[in-house]
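As the structure lists them, so they are numbered: ligands from 1, and atoms in each ligand from 1.
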Amino acid sequence: MSTVAELWALQTTDLAVEAARQRLTELEKQLGADAELKAARAAAAEAQAELDRCRTTQRQLDQQVKDLSTQVRAAERDLMSGRVRNPRELESMEANVAALRRRRGVLEGEALEAMLEVDQWEAELAARQGRQAAAETAHQARQGAIRREAGQRLAELKTLSARLSQQWEATPPPDRDLYKNLRSRKGGRAVAREQGGACQACGVMLPTGVLQTVHVGSQRVFCPGCGRLLLAG
Ligand SMILES: [Zn+2]
């Protein structure tokens, strides 16, 4: 028959195995997941998209200004060529040149605004890329720490699993059944420690008779509060 202390040791290993497995699962979840980095990458990508958009607009406006200048020069040359002498027609041609110039003036203003916007987004992109780089570095450091801890936990789990199977092999089958049964019904803890006359699992104060039997240790005592096996503290 196993002693209560042996079953307590078995339970300690069991709980440590569970804790190590749980921690490994948590670490696996943390690998790759990084909200801060994701946000930094998204912010940089957004600035890049805005910058591309502004540059396209600026290029289009510059081209339109260039095209208009060509048109203005052609219209001016035509006007000066002396080809047309009719005053009405000349007036209309002058009006056309003036309209083209006005239109060019408006577009030049828009092109200037687009250029300023490009400058702003270039600065913004540089700032956001800087923040992203910092986030990438921090992320790498965190991932490294997670991998290191996962390695340690895995080694720990291996040692614990070996210990657990040794302890399990050393436990007589009836005690295994008792232990398994109690564990499944009592939230994973079959054995409770007594300390200062109280059960550490449920907190109940143990009657004097029960306490004495626990301390003599010659027979198994179950907590009258929670039903777990009691180990003298
Ligand atoms: Zn109890």
Asp52 vs Gln48, side chain to side chain donor-acceptor pair (under 3.5 Å): CA-CA, chis, key distance, verdict: CA-CA 6 Å; Asp52 291 346; Gln48 183 68 63; 3.2 Å; yes
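The two residues Leu157 and Leu24 make their nearest non-hydrogen contact at CD2-CD1, 3.8 Å. For the pair His139 and Gly32, the tightest heavy-atom approach, listed with the atom from each and the gap, is CE1-O, 4.1 Å. Residues Gln132 and Leu37 come closest through the heavy atom pair O-CD1, 4.3 Å. Closest approach of Met205 to Gly196, counting heavy atoms only: CE-O, 3.9 Å.
When atom types are taken as modelled, the side chain of Glu89 and the backbone of Asn86 share no donor-acceptor pair closer than 3.5 angstrom.
Excluding waters, the set of protein N, O or S atoms lying under 2.8 Å from the Zn ion (ligand 1) comprises Cys199 SG, Cys202 SG, Cys223 SG, Cys226 SG.
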